[in-house]
Amino acid sequence: MLQDDQYNFLEMAGLPTRFTIKELEMATGNFRTPIGEGGSGAVFKGTLEDGSIIAVKRIKGQTSGEAEFRTEITIIASLQHISLARLLGYGLSRGGDRYLIYPFFQNGSLDSWLFKDEEKRVHLTWMRRYRIASDVAKALAYLHHECHHQILHLDIKPANILLDSSFRALVSDFGISKLIGKDESTVMTRARGTIGYLPPEMLVPNAISTKSDVYSYGMVLLELVGGRRNFMTAADAESQQTHYSYFPKFVKEKMLEGKLMEVVDPCLKCEDISEEEVKVLVRVALWCIQENPELRPSTTEVVDMLDGRRPVHVPPQSPMFVVNFFNVETQSSTSQQPDAISISVR
Ligand SMILES: Nc1ncnc2c1ncn2[C@@H]1O[C@H](COP(=O)(O)OP(=O)(O)OP(=O)(O)O)[C@@H](O)[C@H]1O
């Protein structure tokens, strides 16, 4: 019969292993170093006996998050892609807390670079941004088209894109993902994801598909280019009204005027930016956020466009219904970035 340690081959095969709470306490020094806080719990830094550095996500509570926890383990256990954050293991405590263990990625999440001050944003050089766009597209193409099932991530946003020490991107957080059969093109689901990245088909009871991730990806692309959130609000003290600014509309207008460089994050140095690449990213983004899912490209097509294997035609004019809904303005405002638009609906 095999001894316990002879099962180490499972670990070597990249399958998630179960950690005891004692092992996790040892690794994290009793959860001494928090590195982040998400909707479902806090994340702590730790070191395993073999010296590898880990991130331990603690999901508090007995019942909440159980479904997400199971989904995350089941889905990610079977995935192997260089741009997906690998799940090293999991843990369960008697008190009902649950743990997910990932490799630690030195540069944290994309949102902590993109939406902070200029000092942080300048580290996201144009070359890094383009590579991040390409890494995420490749991870999504793998999930959508290269696995036994189609896997919908359903929560693509900068907070769920982690960056390693060379600013290569890894998609993480499969808590609300969904598997669908290869022959099915759509699936019914309740609203999930994060406001600001949700495609219109998600706002009404309807079928979602891989094209829903494509929409969220397109929204992330625009934020990468602009170095700002797509939705921003500013309170007008005089009229006591809130003004919304919607970056995608501004981008669309600049594209029509032929002044695309005006949409690029002003903190980037002009000489480092390839105008041709800006055109590619912006056009791809505007294709991805088409309101009609059928017009959006597949993630495989996106990869081909970013890699220059497929031409990127001028995207069609999209009505951008959200503009009328919020009565938004189009200036490239640098106003306050509200928490309200990043509320998660699960
Ligand atoms: N593997 C990791 N390496 C380094 N930092 C990490 C890692 N995982 C998470 N973090 C940090 O912890 C923060 C919170 O992560 P978490 O996945 O819980 O957040 P979230 O995606 O915003 O939340 P939610 O679970 O609600 O989607 C991240 O924004 C990031 O800064």
Side-chain angles (χ1 to χ4, degrees), residues 14 16 19 24 27-28 31-48 51-61 64-73 75-76 79 81-91 97-116 120-121 123-124 132 135-136 139 152-178 191-198 202 213 216-217 219-220 223 229 337-346:
F19 286 79
L24 293 178
T28 58
F31 301 98
R32 207 178 36 216
T33 318
I35 49 174
E37 181 87 43
S40 46
V43 183
F44 300 87
K45 190 173 175 181
T47 310
L48 293 179
S52 48
I53 305 182
I54 53 169
V56 180
K57 185 167 175 174
R58 181 170 67 194
I59 303 162
K60 278 250 171 224
S64 70
E66 178 65 29
E68 282 87 349
F69 184 71
R70 281 169 192 264
T71 309
E72 185 133 17
I73 293 179
I75 292 186
I76 207 169
L79 304 177
H81 190 277
I82 192 164
S83 300
L84 291 179
R86 196 159 69 83
L87 182 68
L88 298 174
Y90 62 96
D97 292 350
R98 294 175 297 269
Y99 301 86
L100 292 167
I101 297 97
Y102 295 95
F104 172 76
F105 297 108
Q106 194 176 314
N107 282 320
S109 51
L110 175 60
D111 64 331
S112 69
W113 294 89
L114 204 50
F115 303 134
K116 294 277 151 58
K120 282 205 87 178
R121 286 206 325 275
H123 292 281
L124 285 180
I132 290 168
D135 290 339
V136 176
L152 313 188
H153 185 282
L154 300 180
D155 203 11
I156 293 295
K157 58 177 176 176
N160 287 337
I161 297 169
L162 297 172
L163 301 173
D164 72 8
S165 54
S166 328
F167 285 88
R168 297 307 296 253
L170 296 103
V171 172
S172 79
D173 213 335
F174 285 72
I176 59 168
S177 309
K178 255 203 125 55
R192 47 176 76 210
T194 302
I195 292 172
Y197 303 90
L198 284 179
M202 199 84 108
D213 280 343
S216 312
Y217 172 77
M219 293 301 263
V220 172
E223 293 184 331
R229 289 192 192 272
Q337 304 188 347
D339 293 338
I341 54 163
S342 56
I343 296 167
S344 284
V345 282
R346 294 249 159 118

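As the structure lists them, so they are numbered: ligands from 1, and atoms in each ligand from 1.
The CD1 atom of I54 lies 11.0 Å from the CZ atom of F104; values are rounded to the nearest 0.5 Å.
Distance alone, capped at 3.5 Å, is enough to place a donor-acceptor pair between the D213 side chain and the H153 backbone. Between the side chain of N160 and the backbone N or O of D155 there is at least one donor-acceptor pair closer than 3.5 Å.
Of all the atoms in ligand 1, the ones that sit under 4.0 Å from a non-hydrogen atom of F104 are 3 (N), 4 (C). Against a heavy-atom cut-off of under 4.0 Å, A55 is close to the following atoms of ligand 1: 1 (N), 2 (C), 3 (N), 7 (C). Every atom of ligand 1 is numbered from 1 in the order shown, and the set under 4.0 Å from a heavy atom of S109 is 28 (C), 29 (O), 30 (C), 31 (O).
By the 3.5 Å distance cut-off applied to N or O atoms, K157 is not counted among the residues near ligand 1. Residue-to-ligand polar distances place P103 within reach of ligand 1: an N/O pair is separated by less than 3.5 Å. Looking at ligand 1, you'll find an N or O of D173 within less than 3.5 Å of one of its N or O atoms. Here's the thing with N160: one of its N/O atoms is less than 3.5 angstrom from an N/O atom of ligand 1. Between G108 and ligand 1, a contact under 3.5 Å exists for no N or O pair.
Residue L24 comes nearest to G91 through the heavy atom pair CD1-CA, 4.4 Å, listed as atom of the first residue, atom of the second, then distance. Nearest heavy atoms, A169 versus I132: CB-CG2, 3.8 Å.
Classified by interplanar angle (parallel below 30°, tilted 30° to 60°, perpendicular above 60°), the ring pair W113/H123 is perpendicular.
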> Passes side chain to side chain contact (heavy atoms under 4.5 Å, CB included), Y197 versus E223? Steps please.
Replying inline: CA-CA 11 Å; Y197 303 90; E223 293 184 331; 2.6 Å; yes
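Within the structure, ligand 1 lacks A42 among the residues with a heavy atom less than 4.0 angstrom away.
Only side-chain heavy atoms of K57 come within less than 4.0 Å of ligand 1; its backbone N, CA, C and O stay farther off.
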